[in-house]
Colleague: 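Sharing a structure here in structure tokens format.
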Amino acid sequence: MVDTEVESVAAGLERFLQERIFRDLERGRSTDKEHTALVVDKIKKIVRNSPDLDVDLDVLLIAAYAHDWGYADLFENKLPLSLAEIGKNKDTHMLIGAKKLTELLRDPFFDFLTDMQKERAVHLVGAHDKLADLKDVDELILMEADTLGGLEPDVMGVFEYEESEVRFMQKNRDKRFVIFVTDYGKREYERLFQKRQEFFMEHKNRVKK
């Protein structure tokens with residue numbers, strides 16, 4: 001298959017996923033739709049900048065679109081949310097997201113996938129925040145993209161409460177960054193980590209005035 005045909009298939013896959021998932025993400029946390037778009041973009045950039053990776057891009061893209069699908073309707077009030085409130089729903093959102101994706105993958109649109117590919121995409125959604133259990137390359141790549149997408153302050157903003165922001169940044173570096181596997185992801189992490197710190201200080205100073 002020539003490159004243009006590959007790109008066409010990927011574009012069709014993404015359009016289908018956006019049509020089925022994005023509308024639900026608007027009923028999740030206030031930035032879930034935007035965060036998901038960022039994660040998808042980071043997946044592509046990680047793969048593009050890491051030619052030695054042996055991963056299934058279709059499976060990763062499906063998992064990236066669905067990874068936070070389970071947050072839809074979990075929160076009555078989308079803002080402000082503390083780190084603790086989000087943390088209490090981590091396991092629940094992975095379980096719900098995996099169930100939703102299992103159902104979606106029954107659509108004939110996905111007949112181009114093998115059963116093993118479908119099972120893998122569901123697995124990735126159901127495990128993506130279980131950091132201590134992540135070992136396989138595709139699990140870690142999704143984690144990298146999810147982490148990078150969560151750091152971007154221009155889209156994600158910062159926590160309203162300073163305690164949540166400080167804890168988020170510390171846990172992010174101690175539990176996520178330490179298991180990054182790509183050079184691109186590590187470089188991008190350091191850039192975004194610093195950018196978010198500066199963004200938060202500006203936000204904090206504006207609030208004080």
Colleague: Within this structure, what is the CG-CG distance for the pair Asp136 and Leu124, rounded to the nearest 0.5 Å?
Modeller: 8.5 Å
Colleague: Let me confirm one number: the CD-CD distance from Glu19 to Glu14, rounded to the nearest 0.5 Å.
Modeller: 12.0 Å
Colleague: Side-chain contact, heavy-atom cut-off 4.5 Å: Leu148 with Leu38?
Modeller: no
Colleague: Should the pair Asp56-Arg120 be classified as a salt bridge under the 4.0 Å nitrogen-to-oxygen rule?
Modeller: no
Colleague: Is any side-chain heavy atom of Leu57 less than 4.5 Å from a side-chain heavy atom of Ile43?
Modeller: yes
Colleague: Heavy atoms, side chains only, cut-off 4.5 Å: are Leu192 and Lys42 in contact?
Modeller: yes
Colleague: State plainly whether the residues Arg27 and Asp24 are in salt-bridge range, i.e. N to O under 4.0 Å.
Modeller: yes
Colleague: Just so I know, are the side chains of Thr147 and Phe193 near enough to count as touching, which here means a heavy-atom distance under 4.5 Å?
Modeller: no
Colleague: Rounded to the nearest 0.5 Å, how far apart are OG1 of Thr102 and NZ of Lys118?
Modeller: 10.5 Å
Colleague: Please answer whether the main-chain N or O of Glu34 pairs with a side-chain N or O of Thr31 as donor and acceptor at a distance below 3.5 Å.
Modeller: no
Colleague: Say you draw a straight line from CE of Met169 to CG of Asn172; how long is it, rounded to the nearest 0.5 Å?
Modeller: 7.0 Å
Colleague: Checking Thr36 against Tyr65 for the side-chain contact (heavy atoms from CB on, under 4.5 Å) test, could you report, in this order, the C-alpha distance in whole Å, the side-chain angles of both residues, the deciding distance, and whether it holds?
Modeller: CA-CA 6 Å; Thr36 295; Tyr65 273 105; 4.1 Å; yes
Colleague: I'd like to check Val137 versus Asp54 (side-chain heavy atoms, cut-off strictly below 4.5 Å). Are they in contact?
Modeller: no
Colleague: Does anything in residues 37-63 pair up under ring-ring contact (aromatic ring centres under 6.0 Å, His included), and if so which pairs, sequence neighbours excluded?
Modeller: none
Colleague: Does one side chain, of Gln194 or Glu198, offer a donor that lies under 3.5 Å from an acceptor on the other?
Modeller: yes
Colleague: Quick one, Phe109 with Arg20, criterion side-chain contact (heavy atoms from CB on, under 4.5 Å). Give me CA distance, side-chain angles, the key distance, then yes/no.
Modeller: CA-CA 12 Å; Phe109 175 86; Arg20 296 302 183 91; over 6 Å; no
Colleague: Quick one: which residue pairs count as a ring-ring contact (aromatic ring centres under 6.0 Å, His included) with a foot in residues 39-58, not counting sequence neighbours?
Modeller: none
Colleague: Enter the distance from Leu131:CG to Arg176:CZ here, rounded to the nearest 0.5 Å.
Modeller: 4.5 Å
Colleague: What do the steps show when you test Phe22 against Leu17 for side-chain contact (heavy atoms from CB on, under 4.5 Å), and what is the final call?
Modeller: CA-CA 8 Å; Phe22 273 3; Leu17 292 167; over 6 Å; no
Colleague: Tell me which pairs pass salt bridge (charged side-chain N to carboxylate O under 4.0 Å, His left out) where either residue lies in residues 142-155, with sequence neighbours left out.
Modeller: Glu152-Lys195, Asp154-Lys195
Colleague: Are any non-hydrogen side-chain atoms of Lys90 and His128 less than 4.5 angstrom apart?
Modeller: no
Colleague: Salt bridge check: are Glu139 and Lys130 linked by an N-O gap of less than 4.0 Å?
Modeller: no
Colleague: Could you tell me if the side chain of Val55 sits less than 4.5 Å from the side chain of Val47, heavy atoms only?
Modeller: yes
Colleague: State plainly whether the residues Arg23 and Glu26 are in salt-bridge range, i.e. N to O under 4.0 Å.
Modeller: no
Colleague: Do the side chain of Lys33 and the main chain of Ser30 share a donor and acceptor less than 3.5 angstrom apart?
Modeller: no
Colleague: Could you tell me whether the side chain of Phe110 reaches within less than 4.5 Å of the side chain of Asp58, counting heavy atoms only?
Modeller: no
Colleague: Which value, rounded to the nearest 0.5 Å, describes the distance between Asp129 atom CG and Asp68 atom CG?
Modeller: 7.0 Å
Colleague: Should the pair Glu188-Arg191 be classified as a salt bridge under the 4.0 Å nitrogen-to-oxygen rule?
Modeller: yes
